[in-house]
Amino acid sequence: MEIAKKYSPKDIEDKWYEAWINAKVFKSTPDERESYTIVIPPPNVTGVLHMGHMLNNTIQDVLIRRARMKGFNACWVPGTDHASIATEAKVVRMLREQGIKKSDLSRDEFLGHAFEWKEKYGGIILKQLRKLGASCDWDRTSFTMDPEYSKSVIQVFVDLYNKGYIYRANRMVNWDPVAKTALSDEEVIFKEKDGLLYHVRYEVEGMEGEYLTIATTRPETILADTAVAVHPDDERYKHLHGKKAIIPIVNRAVPIITDDYVEMEFGTGALKVTPAHDVNDYEIGQRHELEVIECLNDDGTISDNFPSYKGMDRFKVRKQIAKDLDASGHLVEKKQYKNSVGHSERTDAVIEPRLSLQWWLDMKKVSGPALDAVNNGDVELVPAKFINTYRHWMENVKDWCLSRQLWWGHQIPAYYIKGTNEHVVAESAEAALELAKAKTGKKSLTMADLKQDEDVLDTWASSWLWPISVFKGLTQPENEDIKYYYPTDVLVTAPEILFFWVARMIISGMEYMGERPFKHVYLTGIVRDKQRRKMSKSLGNSPDPLDLIAENGADGVRFGMLFSSPAGNDLLFDESQVEQGRNFANKIWNAFRFLKSLELSEAEPSRREALAIEWLKNRVLEVGVEIEEYYDKFRLSDALRSIYKLIWDDYCSWFLEMIKPNYGDPISKKVLDSAIDIFEDLLKILHPFMPFLTEELYHEVRDREEEDFICVTQMPDFQFEAKSILQEMELIKEVISAVRNFRASKQISPKESIELYISTPEEKVFETYSEILVQLLNTSKIEFVSEKVSGAGSIRVKNHEFYIPLLNVDVEAEKDKILKEIEYTEGFLKSVMKKLSNERFVSNAPEKVVNLEKKKQSDAEEKLSLLRKSLEELG
RNA sequence: GGGUUUGUAGCUCAGUCGGUUCAGAGCAUCUGUCUUACAAACAGAGGGUCGCAGGUUCGAUUCCUGCCAAACCUACCA
């Protein structure tokens, strides 16, 4: 049968993925083997595959496939996150397009639409992951709003509440006026923005003509000012202490207060205080018991209390008020000013600090064990440099705002008792009713007297349970799965969500399982383009992963992603790397084609063939050990690089050339069998990185049943001990390169055979390998000599000298070459001698080092005499 | 502002508990070759005062200090 000249992934990849799924090879159930577990960082249910996912999931797949082949019971749990804000926003937009307003719907109606949307469009990303070859146990696919998962989220909330860790309080929160919800600190992204710093003067009450000038970036909040603050030691303003200032526009008199928070050097040294709309002002307000006036609605427009501006958007009002202040002579100046402004992670809206009543988790109460777990290495971060960041965050952790003013999510299980200020927290309405009866002493209470909190929980307050709840560890605490799979082995995720998610999973793991949720956290880099720009939709610099796969095959893309991305380093994605992967696949394909093309003979292996096989076997062991070490350190790109070179250089460039029969000749069946055995080992080693190609070839290179999959075979055992053949072959390879180089420089065609004369103290070695030299150098004759051969060019490798007869020997060029070598060696010897004649070196340096220098000396001297002799012989 | 990390060939990165084989790899570049598995290939070659300046040492790319540059995290500077 004719085998295609080029590897064509598209015919092959879908075929094997289907075969794997049908045979359920990725399915895992607890058994007597040791488990190796990875839980996928659940992508947003709204998500589509982007390059970041590709990197992330390729890494997970490599780790899980390798574990499977190392004899572990490997389990990779896939799933999606309900992503409350992002999904709700998407559903609201979809409804709006259909002419439906969210405000016209009841909660249940809205959720009905949302679930419908989720069923229809959600989880596309999981289907896309199959194209990548992800070997997930799809039967375990989880969703953070699955009924049982939800139950565990509520269970945890109730438990934390009962422990006194969760409380409800009116505080400054990060308000997203577009999504109309509170956000946690982690959901706020600060961006440098060019803005204006307005200097505005306020008249001092009772002192006509006396003004106090403040500086602000937000003149619109003037409406809600309730004080002006100066530093207590500021001489400029001492005469104003205790007076009042009149706020322009609203003409309200507010106290002039003193507070250390004010920096004298900044702006004018006077600060307008707006407790309702600024975090610091709020704190100042608390210290001075200031009135709190709100001027903004939850959507960022001016409230009805200020009729002349009511309903205007905060940014429009800023300009309008600046104009009005200018008109009334209160605006002193406007300065260009750069400051960092908080934006919503999900909607990109400018965050409005706002006072509101929310649920909070007291992080200090729960974070201790999680900090220890990382500090003492129980949870290992890879690369380790992230430990400091983690520690810093954990040591300064702030309370977590848990509630979100949304519908899509887990509704907070708090129930308010009508006609009272009381509430109860319980896992169900029925339980809540009982609690309420007990609390109020009123047995007559009914469901109608309870009203559940309208808000839902922050998404991360459900995904922080992921490694536990995908195994139902909270709802069925003693079940087989949780006992078997928890703790998981490695979490692969992006450093961006170290606090959002990783830290919180460790917290919940320690709190609810009393044990780390994972042993290792592999933090990937960010995928950037060649110019180091982050890949993003808005920049349009991100290739579509599915297109890439279609063009180059999943194996090629996987190779491209991992070939140059050490843990923790950003990945500068370049399609040429994917091409390199595609080329590599093709190279292997062609090696396979070669193996299949040979005619067979019954001959015994020649010495050349036997040596080649023996050498390669040892080489595979040597590199295999190296690869194992890389895996242990999660250095996947180094592991891949080693495999790449092992296959391309050692197997293809050297080994196959060594055993290649003369054109038209058959090959010994025994030799081919060995070559195929080793080829299969190489396929296994490569399989985690390039699963499709290796599966295909594993089935093609020898006849196999379809279900005899490479992905569930065991890795070869790498028991390596250094053997002399490895060193000797290195020397032979070096000689071969040197002779090829010589041929190239003399423009001798590879077709033209040459004679090779060798002058060496180790004739035996060259005698042994002579057949390999003949094969790879196209020599017609190899002879050992002790004298120079006349009419020949010469080359030297270490202390071996080689002569190759030439028709025209350029004696002068030969001399030049030797002179240059002499010059270099003399210089080298001189530097060695300088060291050795240094009294302090000889007496201080370790004996080993001194001996090495002495060896360098004798080697160099030997080489010099060899060179000088050659020079003499040339005349 | 605070903290962390990084600076080695054109690019992406290894490496050094200070001392042969230490200045490396892959890609890119250049030169030959359509050599009978593979031109998506083969055979070769060139390329770096290891960011800069000091210090410690017999010896520093490797340790220390300072400087310069970059990246990331973090912070309320109106």
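A note on names: the letters A, B, ... follow the listed sequences, proteins ahead of strands, and every chain is numbered from 1.
- Ser753(A) pairs by the side chain to side chain donor-acceptor pair (under 3.5 Å) definition with nothing, not counting sequence neighbours.
- Partners of His343(A) by ring-ring contact (aromatic ring centres under 6.0 Å, His included), not counting sequence neighbours: none found.
- Contact annotation for Ser340(A): backbone-only contact, meaning every heavy-atom pair under 4.0 Å involves sugar-phosphate atoms and none involves a base.
- Taking atom C1' in both A53(B) and G7(B), the straight-line distance is 15 Å, to the nearest Å.
- Atom CZ of Phe841(A) and atom C1' of U57(B) are 13 Å apart (whole Å).
- Listed by chain and residue number, Trp589(A) satisfy the ring-ring contact (aromatic ring centres under 6.0 Å, His included) test with Tyr7(A) (two or more places apart in sequence, or in another chain).
- Annotation: G51(B) and U61(B) have their P atoms spaced 10 Å apart (nearest Å).
- By the ring-ring contact (aromatic ring centres under 6.0 Å, His included) test, Phe499(A) pairs with Trp393(A), sequence neighbours left out.
- When heavy atoms are screened at a 4.0 angstrom cut-off, Ser737(A) is found touching the sugar-phosphate backbone but no base atom.
- Atom CD of Gln747(A) and atom C1' of A43(B) are 14 Å apart (whole Å).
- Contact check on Glu626(A) versus Arg641(A) returns no salt bridge, with no Lys/Arg side-chain nitrogen under 4.0 Å from an Asp/Glu carboxylate oxygen.
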I'd like a table of atom pairs between the protein and nucleotides 36-39 of chain B - only N or O on both sides, under 3.5 Å - with the distance next to each one.
unit_1, atom_1, unit_2, atom_2, d
A37(B), OP1, Lys660(A), NZ, 3.1
A37(B), O3', Arg593(A), NH2, 3.2
A37(B), O2', Asn590(A), OD1, 2.8
A37(B), O2', Arg593(A), NE, 3.3
A37(B), O2', Arg593(A), NH2, 2.6
A37(B), N6, Cys652(A), O, 3.4
A37(B), N6, Glu657(A), OE2, 3.4
A37(B), N3, Asn590(A), O, 3.1
A37(B), N3, Ala591(A), N, 3.3
C38(B), O4', Asn590(A), OD1, 3.2
C38(B), O2, Lys587(A), NZ, 2.9
C38(B), N3, Lys587(A), NZ, 2.9

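- The ring-ring contact (aromatic ring centres under 6.0 Å, His included) test applied to Phe679(A) returns Tyr651(A), not counting sequence neighbours.
- Looking at heavy-atom distances under 4.0 Å, Asn844(A) makes contact with a base.
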Treat a base pair as Watson-Crick or G-U wobble with both distances under 3.5 Å, then lay out RNA chain B in dot-bracket form, 5' to 3', with | for cross-strand pairs.
-> (((((((..((((.....[....)))).(((((.......))))).....(((((..]....))))))))))))....
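- Residue contacts for Val849(A): at a heavy-atom cut-off of 4.0 Å it reaches a base atom on one of the strands shown.
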Summarise how protein sits on nucleotides 5-11 of chain B as a single string, 5' to 3': B when a protein heavy atom is under 4.0 Å from the base, S for sugar-phosphate-only contact, - for no contact.
-> -------
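- Comparing the same atom, C1', in G46(B) and in U5(B) gives a spacing of 34 Å after rounding to whole Å.
- Residue Glu283(A) is out of contact with every strand shown, counting any heavy-atom pair closer than 4.0 Å.
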Show the atom names and distances, to 0.1 Å, of all donor-acceptor pairs under 3.5 Å that link a side chain in residues 657-666 of chain A to residues at least two apart or in another chain.
unit_1, atom_1, unit_2, atom_2, d
Glu657(A), OE2, Lys660(A), NZ, 3.3

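- The salt bridge (charged side-chain N to carboxylate O under 4.0 Å, His left out) search around Asp225(A) returns Lys272(A), not counting sequence neighbours.
- Note: Phe563(A) and Phe559(A) meet the aromatic proximity criterion, with ring centroids under 6.0 Å apart.
- Rounded to a whole Å, the CG atom of Leu636(A) is 21 Å from the P atom of U12(B).
- Under the side chain to side chain donor-acceptor pair (under 3.5 Å) criterion, Glu579(A) pairs with no residue at all, not counting sequence neighbours.
- As judged by a 4.0 angstrom heavy-atom cut-off over every strand, Arg740(A) is placed among residues touching the sugar-phosphate backbone only.
- At a cut-off of 3.5 angstrom, the base of C76(B) holds at least one donor-acceptor pair with the side chain of Tyr261(A).
- Taking only side-chain nitrogens and oxygens, Arg635(A) comes nearer than 4.0 Å to OP1 or OP2 of G15(B).
- Residues meeting the side chain to side chain donor-acceptor pair (under 3.5 Å) test with His288(A), sequence neighbours left out: Asp259(A).
- Within 4.0 Å of Phe742(A), counting heavy atoms only, lies no atom of the nucleic acid at all.
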